[in-house]
Chemist: 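Below is the structure I would like to discuss, written out as structure tokens.
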Amino acid sequence: ALITKAEVYHFDVVTLFPEMFEAITRHGITRRAVELGLFGLNSWNPRDFTADKHRTVDDRPYGGGPGMVMLPEPLESALEAAKNRQRKEGVAATHTVYLSPQGAALTHDKVLELAQKPGLVLLCGRYEGVDERLLDRQIDEEISVGDYVLSGGELPAMVLMDAIIRQLPGVLNTAASAEEDSFVDGLLDCPHYTRPENYLGMSVPEVLLSGNHALIRRWRLKQSLGRTFLRRPDLLTKRQLSKEEARLLAEFKADLVI
Ligand SMILES: Nc1nonc1C(=O)NC1CCNCC1
């Protein structure tokens, strides 16, 4: 098939720790994607937008209490610089996401939705958080990667970026996108095996050595259904099962030693 010129996805990240993002630009699939020019990443450090000698980016909270809050002015300037860069790169309507536990839980559907845009501005918080007036002015959407507290928004930002990058055309080869599909169709992945055939006395399920691709497909689907039932029954409530899937799940349950 003719490979169309893939558009570049533009990330502009506001962060006190830009070096952290080497975790995705210098390794693996995402490194290859940036080298192929499938996405671009610019970072904007609020410290570079301070006006005082000490390059202050945080201060004590009004109302007292522990910890510090990020000052709005350096963030405002850094976000404006980030948005200007997005517009220069041709992103007509910028979309700014703030990563925080107060955001909506990140889902695969949200990843797909954001991957359709031409780019994103990502605000990474540190300390207790960010002055609410900055968020009111600047943030289109708040997203959480889970109900636990991290030291900064950088790792959540990289989780979101990685998931988006994998959706961009030209990033995943067919094998990797097959892996993606198996996961994405709302079920947990099946078990995987590779050499040696006998590992410390443990063998590989016979069906996988049979070369019977119909049986192998069926076994894998049954394992995905069974694992989802055992480990994440909540996912099953959200997913219609085909007649074949319902039958395979029933078989899996019957095989369980109760
Ligand atoms: N969970 C999270 N999903 O997105 N961000 C998350 C987070 O824990 N952020 C920290 C919250 C405390 N201040 C520093 C940042």
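Both counts, for ligands and for their atoms, begin at 1 and track the order of listing. Atoms considered below: every heavy atom in the structure, side chains included; atoms not considered: hydrogens, waters and symmetry mates.
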Chemist: Which of the numbered atoms in ligand 1 are under 4.0 angstrom from any heavy atom belonging to Val149?
Modeler: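 Every atom of ligand 1 under 4.0 Å from some heavy atom of Val149: 8 (O), 12 (C).
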
Chemist: Which ligand 1 atoms are under 4.0 Å away from a heavy-atom of Tyr127?
Modeler: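 Here the atoms of ligand 1 in question are 12 (C), 13 (N), 14 (C).
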
Chemist: Testing the basics here: between Pro46 and Leu16, what is the closest heavy-atom pair and its distance to 0.1 Å?
Modeler: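 So the minimum-distance heavy-atom pair works out to CD-CD2, 3.9 Å.
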
Chemist: Heavy-atom contacts with Leu99 under 4.0 Å: which atoms of ligand 1 show up? List them by number with element.
Modeler: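 Those of ligand 1 that fall under 4.0 Å from Leu99 are 4 (O), 5 (N).
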
Chemist: Which atoms of ligand 1 are found less than 4.0 Å from any heavy atom of Gly146?
Modeler: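 Listed by number with element: 1 (N).
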
Chemist: Which residue holds the protein heavy atom closest to atom 8 (O) of ligand 1, what is that atom called, and what is the gap in Å?
Modeler: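 Heavy-atom neighbour on the protein nearest atom 8 (O) of ligand 1: Leu150 N, 2.8 Å.
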
Chemist: Less than 4.5 Å apart, any side-chain heavy atom of Ile29 and any of Leu172?
Modeler: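 Touching, per the 4.5 Å side-chain cut-off.
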
Chemist: Does the pair Ser100 and Glu142 meet the rule for a side-chain hydrogen bond (donor to acceptor under 3.5 Å, both in side chains), with working shown?
Modeler: CA-CA 7 Å; Ser100 99; Glu142 261 186 79; 2.6 Å; yes

Chemist: Just let me know how Pro156 lines up against ligand 1, side chain, backbone, both or neither, with a heavy-atom cut-off below 4.0 Å.
Modeler: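 Side chain only.
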
Chemist: With heavy-atom distances below 4.0 Å as the criterion, list the atoms of ligand 1 near Tyr148.
Modeler: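 Listed by number with element, the hits are 1 (N), 8 (O).
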
Chemist: Could you tell me whether a side-chain N or O of Thr228 sits under 3.5 Å from a main-chain N or O of Leu188, the two making a donor and an acceptor?
Modeler: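 Yes.
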
Chemist: How far is atom 3 (N) of ligand 1 from the closest protein heavy atom, and which atom is that?
Modeler: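 Closest protein heavy atom to atom 3 (N) of ligand 1: Val145 N, 3.0 Å.
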
Chemist: Quick one: does any side-chain atom of Asp255 pair with a main-chain N or O of Val257 as donor and acceptor, under 3.5 Å?
Modeler: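 No, Asp255 side chain to Val257 backbone: no donor-acceptor pair under 3.5 Å.
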
Chemist: Report, in ascending order of atom number, the atoms of ligand 1 lying under 4.0 Å from any heavy atom of Ser151.
Modeler: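 Here the atoms of ligand 1 in question are 14 (C).
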
Chemist: I'd like to check Glu89 versus Arg85 (side-chain heavy atoms, cut-off strictly below 4.5 Å). Are they in contact?
Modeler: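 They are in side-chain contact.
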
Chemist: Any N or O of Arg126 that comes nearer than 3.5 Å to an N or O of ligand 1?
Modeler: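 In fact, backbone or side chain, Arg126 has no N or O that close.
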
Chemist: Do any nitrogen or oxygen atoms of Gly153 come within less than 3.5 Å of a nitrogen or oxygen of ligand 1?
Modeler: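 The answer is no, given that Gly153 and ligand 1 share no N or O pair closer than 3.5 Å.
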
Chemist: Answer whether the closest heavy-atom distance between the side chains of Lys83 and Asp12 falls below 4.5 Å.
Modeler: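 Side chain of Lys83 against side chain of Asp12, heavy atoms only: no contact under 4.5 Å found.
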
Chemist: Is a side-chain N or O of Thr15 found less than 3.5 angstrom from the main chain of Cys124, in a donor-acceptor match?
Modeler: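 Side chain of Thr15 to backbone of Cys124, a donor-acceptor pair under 3.5 Å: no, none is there.
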
Chemist: On a heavy-atom basis, I'd like to know which of Gly152, Ser144, Gly103 is closest to atom 15 (C) of ligand 1.
Modeler: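 Residue with the shortest heavy-atom distance to the ligand atom: Gly152.
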
Chemist: Would you tell me which option among Pro101, Gly67, Ala105 has the nearest heavy-atom contact to atom 11 (C) of ligand 1?
Modeler: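 Heavy atom nearest to atom 11 (C) of ligand 1 belongs to Pro101.
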
Chemist: Does Gly129 reach ligand 1, in the sense of a heavy atom lying below 4.0 Å from it?
Modeler: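 Not so, Gly129 does not reach ligand 1.
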
Chemist: Looking only at protein heavy atoms, which one is nearest to atom 4 (O) of ligand 1, and how far off is it?
Modeler: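 Sorting protein heavy atoms by distance from atom 4 (O) of ligand 1 puts Ser100 N, 3.3 Å first.
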
Chemist: Heavy atoms only: give me the nearest Leu225-Leu249 pair and the separation to one decimal.
Modeler: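 For Leu225 and Leu249, the tightest heavy-atom pair comes out as O-CD1, 3.8 Å.
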
Chemist: Would you say that Glu154 contacts Leu99 through its side chain, given a criterion of any heavy-atom pair below 4.5 Å between the two side chains?
Modeler: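 In short, these two side chains do not touch, never coming nearer than 4.5 Å.
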
